[in-house]
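This report concerns only the one structure given below.
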Amino acid sequence: MALLQISEPGQSTAPHQHKLAVGIDLGTTNSLVATVRSGQATVLLDEDGHALLPSVVRYLPDDGIASNQVDVGYAAQAAQSLDPQNTIVSAKRFMGRGLKDIDISQQPYQFLNSDAAESKQLVQIHTRAGVKNAVDVSAEILKSLKKRAEQSLGGELVGAVITVPAYFDDAQRQATKDAAQLAGLNVLRLLNEPTAAAVAYGLDNGSEGTYVIYDLGGGTFDVSILKLAKGVFEVLSTNGDSALGGDDFDRRIFCWILEQSKCAPVNAKDTRLLLTKAREAKEWLTDHTNAQITCKLSNGELIDLTLSTKQFNELTQTLVQKTLTPTKKALRDAALSIDDIKGVVMVGGATRMPQIRLAVADFFKQTPLTNLDPDKVVALGAAIQANTLAGNRSEQDLLLLDVIPLSLGLETMGGLVEKVIPRNSTLPIARAQEFTTFKDGQTAMSIHVLQGERELVTDCRSLAKFELRGIPPMVAGAARIRVTFTVDADGLLSVSAREITSNVEANIIVKPSYGLSDEQMLEMLKSSFGAAESDKNARMLNEAKVDAQSLTQAIRAALQQDAHLLSGAEAESIHTQLAAFEQLILGDDAHAIHQATEALNTATENFAAKRMDASVSRALAGKSLENLNL
Amino acid sequence: MNYFKFFSLPQQFNVDLSLLETNFRAIQSASHPDRFVTCTSAEKIASMQTATLANEAYLTLKNPANRAKYLLLQQGIDAIDEKNTQMAADFLMQQLEWRETLDDAKHAKDLDTLENLLAEMQTEANILQDDLADYFDEKQDNVAATDTTRKLIFIDKVCADIHKAIEHLE
């Protein structure tokens with residue numbers, strides 16, 4: 001990995017400095033942060049020794065001293081029955097989702113009613129601290145974990161790997177990235193939860209072969225099939241249900257309580273109380289045959305019920321079955337049968353339920369692997385990947401090849417979807433599609449991007465509408481517009497367009513269907529900093545200088561290593577630009593430094609491409625040597 | 001960039017799939033964006049381009065129908081050209097039969113027939129692949145190779161539809 005070592009910016013000054021990077025499992029019910037310390041992945045604890053942070057945020061009442069205070073974690077969880085409307089739980093279920101996607105009758109919150117035109121917007125909740133969305137709530141959880149990590153590690157973080165359900169679509173992934181930005185975290189990578197679990201499991205057990213990761217969390221279900229060989233984790237297929245998890249088992253018990261006690265419709269406080277009782281009963285039934293459910297409702301009515309394992313199994317049978325359909329699909333997509341599976345790793349707190357373990361054992365005809373803590377394994381895997389991505393050297397040469405969970409397509413005539421990128425394609429991937437104009441002189445066109453497997457537009461999720469403008473006027477059908485869809489290693493989509501006959505770059509205006517526009521994001525960022533203008537300018541200048549310095553270091557290191565790849569004139573041109581750049585960054589014009597950084601990056605693209613080709617040749621030459629030695 | 005050259009493989013229909021996989025992983029190890037998270041944007045772009053090319057090229061050479069189509073394209077032949085739709089009458093008859101079996105089984109929700117049909121298609125695909133190796137690598141018979149490639153593409157499509165039907169029933 002010679003290339004990796006030389007291309008690390010900043011390493012020339014302190015080559016052995018350990019960079020502080022963490023893995024964060026941002027869960028529906030609980031969140032965790034972990035890091036690699038002395039070569040060992042460990043979960044970081046809070047001051048009271050807790051590993052888990054309940055994913056609960058409470059917007060506190062003004063106490064006369066400080067306003068806009070929030071509680072995150074156990075304190076917030078303890079208050080959820082008392083203050084249900086200002087205490088947000090399971091916000092992950094609302095990530096990248098609109099009001100029509102969720103069953104609001106089951107929620108204790110005051111949702112912001114928006115008119116039909118806006119109904120596609122992200123779910124908004126009225127709290128005493130103002131209107132909040134899932135991105136705000138998730139950012140509070142991430143801020144709390146960031147603080148915990150920085151206190152525990154004694155320094156500022158270089159970045160974080162944040163895990164997401166493999167079955168999250170583009171809008172849900174983007175919302176997660178937005179939340180991290182709001183929390184001031186540099187996202188090294190969004191990593192799929194089952195893949196993170198596979199890393200932790202595979203490295204721990206030195207496993208090779210084909211494994212299934214069955215991940216039932218608080219609110220999401222994922223199943224991934226991976227091939228593990230020599231440090232490469234290749235995802236063959238993934239499937240799941242981004243609205244199925246342990247919460248749904250609680251809800252079945254909750255409905256059963258209402259039915260059995262024949263009580264009147266309950267208010268928000270009682271709903272929260274009964275849901276908590278339901279969760280406790282579920283957890284109790286993991287090791288016991290009967291659970292007692294007793295509590296007093298706010299109208300004085302007393303609830304006293306006994307739930308047996310047998311009854312619980314009957315209540316939740318359909319939920320258990322619901323996890324097996326995606327499992328079958330994943331096997332089919334990977335073109336594998338259960339005989340090909342070496343092991344099934346259980347991940348997520350909900351896999352503690354005996355009926356889940358039994359159903360999985362029965363389906364795969366083998367005992368599932370439960371030797372890792374199902375709550376921690378995702379965070380540990382994320383920490384290992386964060387350590388690698390930050391450039392800390394490790395003995396393991398780790399490479400993760402992940403896939404896109406859902407097909408990407410475009411709306412065509414008659415409300416049909418044409419697939420552009422099929423599900424389970426290995427990332428990163430780019431696909432181009434050509435379009436033409438319908439009318440003479442047409443200069444703009446609209447493109448609707450969808451995600452999902454169904455054939456009708458109405459059955460898929462709308463991701464975004466793009467307007468292409470600036471198409472040169474021609475007769476109908478003469479223009480050839482090539483639109484390229486790129487999905488990066490985070491599973492996020494970007495789109496570019498070009499008119500081929502005139503080579504004009506088309507201007508793209510993106511309207512995300514669910515999520516935050518750039519303006520909204522900017523507004524949220526501004527209010528989260530609230531710093532004075534002068535502070536902001538100072539910080540911008542500082543950031544620009546740091547970026548510029550690491551760029552010069554990286555280029556100098558690259559020249560030292562690979563200058564022979566360049567012609568004399570090319571090398572001289574880069575040297576001249578570099579010298580001018582180093583003069584410029586001594587100055588105080590942040591904007592000029594920023595622009596010059598971009599220009600220098602563009603000027604070295606050709607050099608970077610040549611180095612990449614050389615690196616690929618070296619990698620292949622190494623392989624043929626290995627083969628000769630065999 | 002020629003995909004065979006990219007993976008250091010001889011340009012022919014018969015491909016050493018395990019060497020293809022080994023070399024694919026070697027290239028991804030050197031070029032994957034995960035290796036360049038903290039690098040300059042020029043390096044990130046180069047990484048993204050190479051890793052994307054590696055995935056596309058791997059997908060093309062791994063799948064026999066795509067590989068055959070690609071080999072023909074290298075010689076300027078478009079196997080799925082609309083002007084080039086002639087197929088032997090007996091294969092057309094066979095096609096109709098397979099489609100009919102598929103439709104009937106779909107309506108009768110007959111999983112066993114679907115699974116059997118899938119197995120039959122796979123046997124057929126294996127025969128066509130042996131033929132392609134012969135036409136491409138031994139006889140250099142592009143006319144026969146084009147004809148056989150089109151048959152294989154058709155079989156792939158029917159297989160995809162059978163998979164969809166089975167998924168629907170499960």
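Labels below follow one simple rule: chain letters A, B, ... track the order of the sequence lines, proteins then strands, and each chain is numbered from 1. Basis for what follows: all heavy atoms, side chains included, without hydrogens, waters or symmetry-related copies. Remember, it's a predicted structure, so these values are computed and weren't measured experimentally.
Atom CD of Glu156(A) has 12 or fewer heavy atoms from other residues, nucleotides or ligands within 6.0 Å.
Screening Thr388(A), Leu191(A), Leu228(A), Ile384(A) for a side-chain contact (heavy atoms from CB on, under 4.5 Å) involving Val199(A) leaves a single residue, Ile384(A). For the side-chain contact (heavy atoms from CB on, under 4.5 Å) with Val235(A), the qualifying choice from Leu400(A), Asp402(A), Asn192(A) is Asp402(A), the only one to do so.
In this structure, no portion of Asn606(A) lies under 4.5 Å from any heavy atom of chain B. Neither the backbone nor the side chain of Ser425(A) comes within contact range of chain B; no heavy atom of the residue lies under 4.5 Å from a heavy atom of that chain. Contacts between Thr50(B) and chain A at a heavy-atom distance below 4.5 Å involve the side chain alone, from C-beta outward. Proximity to chain B (any heavy atom under 4.5 Å) is restricted, for Leu427(A), to the backbone atoms N, CA, C and O. In this structure, chain A has a heavy atom under 4.5 Å from the side chain of Glu56(B), while its backbone stays farther away. Neither the backbone nor the side chain of Leu53(B) comes within contact range of chain A; no heavy atoms are under 4.5 Å apart. Looking at His163(B), the atoms closer than 4.5 Å to chain A (heavy atoms on both sides) sit in the backbone and in the side chain alike. For Ala430(A), the parts sitting under 4.5 Å from any heavy atom of chain B are the backbone and the side chain alike.
Across Ser617(A), Ala603(A), Ala229(A), Ala609(A), the residue that shares the most heavy-atom pairs under 4.5 angstrom with chain B is Ala229(A). By number of non-hydrogen pairs under 4.5 angstrom with chain B, the leading residue of Ile555(A), Val616(A), Val158(A) is Val616(A). For the set Leu59(B), Ile166(B), Ile45(B), the entry with the most heavy-atom pairs within less than 4.5 Å of chain A is Ile166(B). The greatest number of non-hydrogen atom pairs below 4.5 Å with chain B, out of Thr604(A), Val232(A), Leu324(A), is found for Val232(A). Most heavy-atom pairs under 4.5 Å with chain B, from the set Gln385(A), Lys329(A), Lys328(A): that is Lys329(A). Heavy-atom pairs under 4.5 Å with chain B were tallied for Glu598(A), Lys227(A), Lys610(A); the largest tally goes to Lys227(A).
Within the model, atoms CG of Leu117(B) and CD of Glu97(B) stand 11.0 Å from one another, a figure rounded to the nearest 0.5 Å. One finds the OG1 atom of Thr597(A) at 6.0 Å from the CG atom of Leu551(A) (value rounded to the nearest 0.5 Å).
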Donor-acceptor pairs are to be reported for all side-chain atoms of residues 151-161 of chain B against protein atoms at under 3.5 Å, with residues two or more places apart or in another chain.
from      : atom 1 : to       : atom 2 : distance (Å)
Asp161(B) : OD2    : Arg99(B) : NH1    : 2.8
Asp161(B) : OD2    : Arg99(B) : NH2    : 3.3

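Proximity of a side-chain donor or acceptor of Asn23(B) to a complementary backbone N or O of Phe7(B) within less than 3.5 Å is detected.
Checked for salt-bridge contact, Glu167(B) and Arg332(A) miss the test: no charged N lies under 4.0 Å from a carboxylate O.
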Please assess Asn601(A) against Ser41(B) for the test side-chain hydrogen bond (donor to acceptor under 3.5 Å, both in side chains), listing each intermediate value before the final yes or no.
-> CA-CA 6 Å; Asn601(A) 257 315; Ser41(B) 67; 3.0 Å; yes

